[in-house]
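FYI, side chains are in, hydrogens and waters are out, and symmetry mates aren't considered; it's all heavy atoms of this structure. Sequence lines set the chain letters: A, B, ... in the order given, protein chains first and strands last, and positions in each chain run from 1. Predicted, not measured: the structure shown is a model, and the values here were computed from it.
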Amino acid sequence: MVKNLKNYKEEFKDIPGTRVFTTELARKGYHLNQFCMSLMKPENRKEWLADEKAYLDGWKVTAEQRDALLARDYNRLLELGGNIYYLAKVFSTDGLSFVQAVSTMTGMSVDDYKAMMDAGGRSPDGVRSIKEGT
Amino acid sequence: MAKISAGVATSHVPLIGVGVDQGKQDEAYFKPIFAGYEWTKEWIKKPETKPDVVVLVFNDHASAFGQDIIPTFAIGCGEEFSPADEGWGPRPVPTVKNHPDLAWHIAQSLIIDEFDMTIINEMDVDHGLTVPLSAMFGQPEEWPTLVVPIMVNVVTYPIPSGDRCFRLGQAIKRAVESFPEDLNIQIWGTGGMSHQLQGPRAGLINAEWDQKFLDDLTADPERLCQIPHIEYLRETGSEGIEMVMWLVMLGALTNPKELHRHYHVPASNTALGHIVLENNP
Ligand SMILES: [Fe+2]
């Protein structure tokens with residue numbers, strides 16, 4: 001069905017406020033995402049919470065990924081190859097729900113984000129395509 | 001012979017599991033979420049509908065597998081699968097029991113049919129598999145059905161196309177129908193519907209698109225097979241792509257007839273969809 005890999009991936013970049021987890025991002029984010037996976041173990045969560053910087057020293061994450069992790073800058077982490085299901089291990093360890101963590105990426109307060117969801121969610125109108133503005 | 005009697009699709013939002021595990025079904029937020037499963041809970045109990053085995057299509061959410069191994073299509077052939085610890089302890093739900101002879105038979109048949117499956121004997125199963133069971137069966141001591149898990153990668157792109165998923169479903173049908181034991185089989189598709197969990201566009205919901213998708217499961221399956229990834233991404237949010245797993249279910253059915261439908265927004269960040277389809281071979 002996909003005839004042209006270049007066009008296939010080019011189109012992904014045309015979606016506003018969205019990062020599709022492509023092979024490039026998977027390559028870039030490998031150690032970052034595997035670090036996130038390590039937080040599935042309670043003993044690792046304890047160690048991470050006790051001293052985040054020291055814990056990260058044991059992982060081959062880049063300086064940029066490290067800074068973004070310490071700052072819990074999830075949009076930046078997505079850009080640096082983090083995937084949301086992996087990053088979820090970080091915000092769950094912080095005691096945040098998906099709704100709470102996801103709202104931080106939208107520039108909205110948690111309450112405003114929740115109110116938007118209760119009212120039916122974000123409309124796709126205007127956020128389908130950057131080029132078309134639809 | 002084994003026969004597929006029905007298809008069931010449902011979102012597998014973790015919050016549904018929270019609602020069941022913590023007994024919140026009667027709270028105002030949860031009431032409309034669970035109301036739409038009441039019909040199915042009654043239907044699935046009836047002796048003439050109760051499945052012996054569910055072939056359950058789901059995806060792992062960085063629970064059993066990290067980035068170390070990323071199978072595109074996989075099948076669970078081990079005897080049983082424990083609920084995964086997704087970071088806050090495993091869900092208090094029964095161990096999932098497989099029908100390993102059927103699973104191995106399906107694996108063999110699919111590979112001969114040119115679907116090069118990864119065979120998994122050991123894995124823990126996350127909310128993608130256990131939440132649909134809780135939605136349909138509540139909190140039993142043991143799950144009232146055996147489960148053959150089919151796993152699809154819908155996280156790391158490129159993921160399989162909708163059409164490829166549909167054809168996997170057709171191959172599953174051929175596999176099941178060539179298994180000699182008399183079994184009532186259901187095929188379940190899980191995940192979706194519209195939702196986006198990442199980036200500034202998070203929270204996207206497209207009820208109109210979702211409803212049309214539900215309509216066309218019976219009205220125009222061919223259209224659904226031709227939907228490209230980019231349309232799911234634009235119209236239903238980055239995580240709406242999970243709906244390709246519904247097409248595996250659809251491929252395993254013949255002339256499906258809609259018996260029941262449920263749609264509700266929101267379940268946390270997600271548009272919840274659920275449908276029951278009768279198989280009419
Ligand atoms: Fe999912």
Engineer: Please check if the side chain of A/Arg122 supplies one atom and the backbone of B/Arg201 the other of a donor-acceptor pair under 3.5 Å.
Structural biologist: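 Side chain of A/Arg122 to backbone of B/Arg201: a pair is present.
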Engineer: Taking side chain as C-beta onward, heavy atoms only, is B/Arg234 less than 4.5 Å from A/Val127?
Structural biologist: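 SC-SC contact between B/Arg234 and A/Val127 ruled out.
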Engineer: Between OG of B/Ser63 and OH of A/Tyr85, what distance do you get to the nearest 0.5 Å?
Structural biologist: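 Separation between the atoms: 10.0 Å.
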Engineer: Are A/Tyr8 and B/His229 near enough that their ring centres are under 6.0 Å apart?
Structural biologist: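 Yes, ring centres under 6.0 Å apart.
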Engineer: Is it true that a side-chain atom of A/Gln34 and a backbone atom of B/Gly66 form a donor plus acceptor pair closer than 3.5 Å?
Structural biologist: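 Judged by distance alone, no pair lies under 3.5 Å.
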Engineer: For each of A/Asn33, A/Thr134, A/Asp118, tally heavy-atom pairs with chain B at distances under 4.5 Å, and name the one with the top tally.
Structural biologist: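 The option with the most such pairs is A/Asp118.
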Engineer: Highest number of heavy-atom pairs under 4.5 Å with chain A: which of B/Asn206, B/Ile70, B/Leu197, B/Val265?
Structural biologist: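 Ranked by heavy-atom pairs under 4.5 Å with chain A, first place is B/Leu197.
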Engineer: Picking from A/Lys9, A/Glu79, A/Met108, A/Met105, which has the most non-hydrogen pairs under 4.5 angstrom with chain B?
Structural biologist: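 Heavy-atom pair counts peak at A/Met105.
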Engineer: How many angstroms lie between atom CD of A/Glu10 and atom CD1 of B/Ile230, to the nearest 0.5 angstrom?
Structural biologist: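 It is 10.5 Å, given to the nearest 0.5 Å.
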Engineer: Could you tell me whether A/Lys114 atom NZ has more than 12 heavy atoms of other residues or ligands within 6.0 Å of it?
Structural biologist: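 Atom NZ in A/Lys114 is not crowded, with 12 or fewer foreign heavy atoms closer than 6.0 Å.
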Engineer: Rounded at 0.5 Å granularity, tell me how far CG in A/Leu25 sits from OH in B/Tyr157.
Structural biologist: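 The CG atom of A/Leu25 sits 12.0 Å away from the OH atom of B/Tyr157.
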Engineer: Looking at B/Leu204, B/Ile159, B/Thr270, which makes the most heavy-atom pairs under 4.5 Å with chain A?
Structural biologist: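 Looking at each option in turn, the highest pair count goes to B/Leu204.
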Engineer: Counting only non-hydrogen atoms closer than 4.5 Å, does B/Ala207 touch chain A with its backbone (N, CA, C, O), its side chain (CB onward), both, or neither?
Structural biologist: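 No part of it gets close to chain A.
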Engineer: How close do B/Ser268 and A/Val99 get, counting heavy atoms only, and between which atoms?
Structural biologist: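 For B/Ser268 versus A/Val99, the nearest heavy atoms are CB-CG2, 3.8 Å.
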Engineer: Any ion pair linking B/Asp85 and A/Lys41 (charged N to carboxylate O, less than 4.0 Å)?
Structural biologist: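 Salt bridge between A/Lys41 and B/Asp85, a charged N being under 4.0 Å from a carboxylate O: no.
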Engineer: Does A/Arg19 offer a backbone N or O that forms a donor-acceptor pair with the side chain of B/Gln198 under 3.5 Å?
Structural biologist: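 Such a contact is found between B/Gln198 side chain and A/Arg19 backbone.
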Engineer: Just checking, is any N or O donor in the side chain of A/Tyr113 or B/Asn269 under 3.5 Å from an acceptor N or O on the other one?
Structural biologist: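 Short answer, yes.
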Engineer: Among B/Pro266, B/Ala271, B/Ala84, which residue forms the greatest number of heavy-atom pairs with chain A at distances under 4.5 Å?
Structural biologist: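 With the most close heavy-atom pairs to chain A, the winner is B/Pro266.
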Engineer: Does A/Glu43, at its CD atom, have more than 12 non-hydrogen atoms belonging to other residues, nucleotides or ligands within less than 6.0 Å?
Structural biologist: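 Count over threshold, so yes.
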Engineer: If you take all heavy atoms of B/Gly199 and A/Leu78, which pair is closest and at what distance?
Structural biologist: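 The answer is N-CD1, 3.6 Å.
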Engineer: Checking heavy atoms, do the side chain of A/Ser129, its backbone, both or neither come under 4.5 Å from chain B?
Structural biologist: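 Contact with chain B involves both backbone and side-chain atoms of A/Ser129.
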Engineer: For A/Met117, is it the side chain, the backbone, both or neither that has a heavy atom under 4.5 Å from a heavy atom of chain B?
Structural biologist: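 The answer is both parts of A/Met117.
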Engineer: Between B/Thr156 and A/Ala26, what is the shortest heavy-atom contact and its length?
Structural biologist: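 Looking at all heavy atoms of both residues, the shortest contact is CG2-CB, 4.0 Å.
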Engineer: Grab the two heavy atoms, one from B/Ala202 and one from A/Val102, that are nearest each other, plus how far apart they are.
Structural biologist: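 Scanning both residues, the minimum pair turns out to be CB-CG1, 3.3 Å.
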Engineer: Hydrogens and angles aside, do A/Tyr86 and B/Gln67 bring a side-chain donor and acceptor to less than 3.5 Å of each other?
Structural biologist: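 Judged by distance alone, the side chains do pair up.
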Engineer: Given that the side chain runs from C-beta out, which part of B/Pro158 has a heavy atom under 4.5 Å from chain A: side chain, backbone, both or neither?
Structural biologist: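 Answer is both: backbone and side chain atoms of B/Pro158 are under 4.5 Å from chain A.
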Engineer: Tell me if the CD atom of A/Glu24 is crowded by more than 12 foreign heavy atoms within 6.0 Å.
Structural biologist: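 Above 12, so yes.
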Engineer: Just how far is it from atom CD1 of A/Ile84 to atom NE2 of B/His61, taken to the nearest 0.5 Å?
Structural biologist: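 These two atoms lie 12.0 Å from each other.
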Engineer: Can you say whether A/Phe98 sits under 4.5 Å from chain B via the side chain, the backbone, both, or neither, judging by heavy atoms?
Structural biologist: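 Interface part for A/Phe98: both.
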Engineer: Does any backbone or side-chain atom of A/Met40 lie under 4.5 Å from a heavy atom of chain B? Answer side chain, backbone, both or neither.
Structural biologist: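 The answer is both parts of A/Met40.
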Engineer: A/Asp125 versus chain B, heavy atoms under 4.5 Å apart: side chain, backbone, both or neither?
Structural biologist: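 Contact with chain B involves no heavy atom of A/Asp125 at all.
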Engineer: If we ignore angles and hydrogens, is there a donor and acceptor under 3.5 Å between the side chains of B/Gln196 and A/Thr18?
Structural biologist: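 On atom types as modelled, these side chains qualify, holding a pair under 3.5 Å.
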